[in-house]
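Input: a single structure, listed below in C-alpha cells.
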Amino acid sequence: MITTQVLPATKESLEEASRLLHTGELVAFPTETVYGLGANALDREAVLSIFAAKGRPADNPLIVHIYEESQLEDLCEIPKGARPLMEKFWPGPLTILMPKKDTIPPEVTAGLPTVAMRMPSHPVARELLRVCGLPIAAPSANRSGKPSPTSSHYVYQDMQGQIPLILDGGDCDVGLESTVLDLTHGTPTILRPGGVTKEMLEEVLGPVEVAGSVLRPLKQGEVALSPGMRYRHYSPEGEVTLVQGEEADVVSALHKLCREAEEDGHSACVMCFTEHLSQLSDCHPHDIGSIHDPASTAHRLFDTLRRLDDEGMKLIFSEVVPAEGVGLAVMNRLGRAAAFRMLSASDVLAVT
Ligand code: AMP
Ligand code: MG
C-alpha cells in the first residue's frame, strides 16, 4: 500500500504530478466532466497500471487527453469533420475517435485501430497537461463498475493506497463523462452521450446517429461499438428501479413503491426532482435537480448514486428525464445504473 495524498492544485503539486507522470506513476485530476485517473499515454507499463488500479477489463480502451491540437500530429490521423468540431467544442467535454498512429501503445486502445482523443477545459486538467507536456491516458478515476467520481472525496474512496496523488479541484461541473463521437464509420455516431449533445453536434455536422445500445442493453451477440457499453456500469450497491409516466402518477407510484418496500423490511428511498421533494418527504428523498433543468440532474446524478451506497440503501426508486439534449446522457447512465429496470407509474398504481 502506498500513501495517497490529496492536494489542492498549486504550482508545487502540479510539478509533483508532472514528475510522477514522467516516472510512470498515476495521478488523479479533476476535469469538467468527472475526475480522471491519468498516466503517460506513451508509457505502456504506466497505462497497464491504470487497468490494475481500476480493476478495468483490458478490452475497454482509454481516452487520451491533450493540451493543444499540435499534439495530435504525432498520435493520430484527423478524420473528416473533426476540425470544425475541435474548433467549436475543444477544450470541452467532447471525445473524438481518430485513426491511431504507432506512437500510441495498443494497451491504450485495447488493440483497436482508433484512439479516443479529448482536450478537457478544466483549468487544473489544462495546467497539468501543459506542465507535463505529455498526452495523458485517463479513464474515470473510480473502481470499474462504480459511478464515476465527481469530487476528490470519491476518488479517495476508490483509489486510496493505490495511487500517490489526487489533485483536488472541487466538484466537477458537468458531472457525467464526455460525449464519445465516432467519425470513422460513415454517418457520425454518438457512442456515449455526454455534455456536448446530439443537437449541438448536428448544428456543426448535420445528421448525427446515436448508437443503438445507448438506451438499451446490448443484444445477444451484438458487437459493442464502444467497449465500455458492455459492462455493468454506474451502479450503486442497491437495486435501482426507474418509474416513468405522467408527473403526478410518478410521484404517487414512487411513494407507494417506497412505502411497500419499507413495510417489507427493506431500506428504501426515492430519487426525485427538487419540485417533488416535499410530496415525498417520508420516502428519504434524494434530490436529482430540477425537472426543468436536465443539466442539474447530470451534475448531481453520480454524487447521488454514491451517497446511496454510503447510506446503505438497498431499494431505490427514481424518476426519469426525457432522453433529449443532456437528458440523453442522463438516461444512458441511469438506465445502466438500473440495469434497465423500468416500471410504468400507472401499472404500479393499478396494482392494489
Ligand atoms: P472512461 O474513460 O472510463 O470514461 O471510458 C471511456 C469510454 O470511451 C469507454 O466507454 C470506451 O469504451 C470508449 N472508447 C475509448 N476508446 C475507444 C475506441 N477507440 N473506440 C470506441 N470506444 C472507445
Ligand atoms: Mg469510466
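Note that these values count all heavy atoms, side chains included, but never hydrogens, waters or copies made by symmetry. Residues: numbered from 1 along the sequence shown. Each ligand, and each atom within it, is numbered from 1 in the order the structure gives.
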Problem - Min N/O separation Lys54 to ligand 1 under 3.5 Å - result: no
Practice task
Report yes if some N/O of Arg56 lies less than 3.5 Å from some N/O of ligand 1; otherwise report no.
Solution key: yes
Practice task
Using a 4.0 Å heavy-atom threshold (strictly under), name the region of Leu112 that reaches ligand 1: side chain, backbone, both or neither.
Solution key: side chain
Exercise for the section: Mind checking side chain to side chain contact (heavy atoms under 4.5 Å, CB included) for Asp282 and listing every partner two or more places apart, or none if nothing turns up? Expected result: His255, Arg259
Practice task
Answer yes if the side chains of Thr33 and Ser178 hold a donor-acceptor pair under 3.5 Å, and no otherwise.
Solution key: no
Fill in the blank from the handout: For Ser140, the atoms of ligand 1 under 4.0 Å from one of its heavy atoms are 1 (P), 2 (O), 3 (O)
Exercise for the section: May I ask whether Lys100 places a heavy atom under 4.0 Å from ligand 1? Expected result: no
Exercise for the section: Mark the output for Asn60 as yes if a heavy-atom distance to ligand 1 is under 4.0 Å, and as no if none is. Expected result: yes
Fill in the blank from the handout: The option among Met98, His65, Arg118, Arg192 carrying the non-hydrogen atom nearest to atom 4 (O) of ligand 1 is Arg192
Problem - Presence of salt bridge, Arg306 and Asp158, under 4.0 angstrom - result: yes
Exercise for the section: Just let me know how Leu97 lines up against ligand 1, side chain, backbone, both or neither, with a heavy-atom cut-off below 4.0 Å. Expected result: side chain
Problem - Test: Arg118 and Glu177 ion pair at under 4.0 Å - result: no
Problem - Pair Glu311 + Arg307: basic N to acidic O under 4.0 Å - result: no
Problem - Enclosure of Asp264 CG (heavy-atom neighbours >12, cutoff 6.0 Å) - result: yes
Exercise for the section: Answer yes or no as to whether an N/O/S atom of Ser144 is found below 2.8 Å from the Mg ion (ligand 2). Expected result: no
Problem - Residues Asp182 and Thr189: side-chain donor-acceptor under 3.5 angstrom - result: no
Practice task
Considering the heavy atoms of Ala116, write down every atom of ligand 1 situated less than 4.0 Å from one of them.
Solution key: 15 (C), 16 (N)
Exercise for the section: Check each of Pro139, Ala211, Pro61, Gly36 against atom 2 (O) of ligand 1 and report the one with the nearest heavy atom. Expected result: Pro139
